[in-house]
Amino acid sequence: MDQERVEIFLNKARALFPTKQYTFAMSEKNKALDYEFNLRDHDKVQILKSLTAEDCIEIRKNDNIRYPDADIFIFIKQVDLESYGYPETVKLYIKDYIIEDQQMEMVIVISFHREGMHDM
């Protein structure tokens with residue numbers, strides 16, 4: 001794993017969060033986590049900000065033909081969340097990338113759900 005590439009990616013992403021330059025895909029798996037833990041974008045951004053290079057398990061080429069040069073970074077992060085007033089430790093599967101063009105930069109979060117629910 002290229003730790004330096006991951007650090008550069010994380011630092012770039014963290015710089016985009018304060019200006020709300022991010023979006024979360026609304027897949028069924030992602031929505032299920034939001035519903036189960038009443039997560040808002042602000043909560044998810046706090047988790048994204050806490051990611052470290054050690055949480056990254058893979059870097060792969062983007063299969064989105066619109067952004068073939070944007071590598072996808074995949075993370076597994078263990079966090080404590082609250083469900084109906086009870087704390088629960090959850091392993092999250094997070095997959096995201098940054099799109100860059102002349103007009104803007106944006107973090108695209110494809111996956112943000114329980115680990116193990118991702119497609120193989």
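Atoms considered below: every heavy atom in the structure, side chains included; atoms not considered: hydrogens, waters and symmetry mates.
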Residue list, side-chain hydrogen bond (donor to acceptor under 3.5 Å, both in side chains) with E36, at least two apart or on another chain: R114
I94 side, atom CD1; E115 side, atom CD - distance, nearest 0.5 Å: 11.0 Å
Heavy-atom side-chain contact between N38 and D43 under 4.5 Å: no
S50 versus K77, closest heavy-atom pair with distance: O-NZ, 3.2 Å
Donor-acceptor contact present, side-chain K61 to main-chain A70, <3.5 Å: no
R5 side chain near I59 side chain, heavy-atom distance below 4.5 Å: yes
Geometric cation-pi criterion K44 and F24, 6.0 Å radius, 45° cone: yes
Stepwise side chain to side chain contact (heavy atoms under 4.5 Å, CB included) check, E105 with I99: CA-CA 5 Å; E105 289 182 311; I99 58 171; over 6 Å; no
Euclidean distance, I47 CD1 relative to D55 CG, rounded to 0.5 Å: 11.5 Å
I72 side chain reached by K95 side chain, heavy atoms, under 4.5 Å: yes
Same apolar cluster: Y93 and M26, side chain cutoff 4.5 Å: no
L39 vs F112, side chain to side chain contact (heavy atoms under 4.5 Å, CB included): CA-CA, chis, key distance, verdict: CA-CA 11 Å; L39 291 177; F112 196 99; 4.3 Å; yes
Flag, side chain of E82 to backbone of P87, donor-acceptor distance under 3.5 Å: no
Value rounded to 0.5 Å, distance of OG in S111 from CG in N30: 5.5 Å
ILVMFWY cluster, Y84 and V90 together (side-chain gap under 4.5 Å): no
Spatial distance of atom CG (L92) from atom NE2 (H113) [nearest 0.5 Å]: 9.5 Å
Y22 side chain reached by D96 side chain, heavy atoms, under 4.5 Å: no
Residues in side-chain hydrogen bond (donor to acceptor under 3.5 Å, both in side chains) contact with K31, at least two apart in sequence or another chain: E28
Heavy-atom check, side chain of D80 versus side chain of E88, under 4.5 Å: no
Residues D41 and K20 bridged, charged N to O under 4.0 Å: no
N11 side-chain N/O to I8 backbone N/O, donor-acceptor pair under 3.5 Å: no
Heavy-atom closest contact (V107 atom, L16 atom, distance): CG2-CD1, 3.8 Å
Interatomic spacing from CD1 in I98 to CG in D71 - rounded to 0.5 Å: 10.5 Å
Side-chain donor-acceptor pair present, R60, N62, cut-off under 3.5 Å: no
Approximate separation, where rounding is to 0.5 Å, of I74 CD1 and I57 CD1: 6.0 Å
Parallel, tilted or perpendicular: ring planes of F9 versus F75, cut at 30 and 60 degrees: parallel
Greater than 12 external heavy atoms within 6.0 Å of K49's NZ: yes
K12/E100 salt bridge by N-O under 4.0 Å criterion: yes
Minimal non-hydrogen separation, I110 against A25, with atom names: O-CB, 3.4 Å
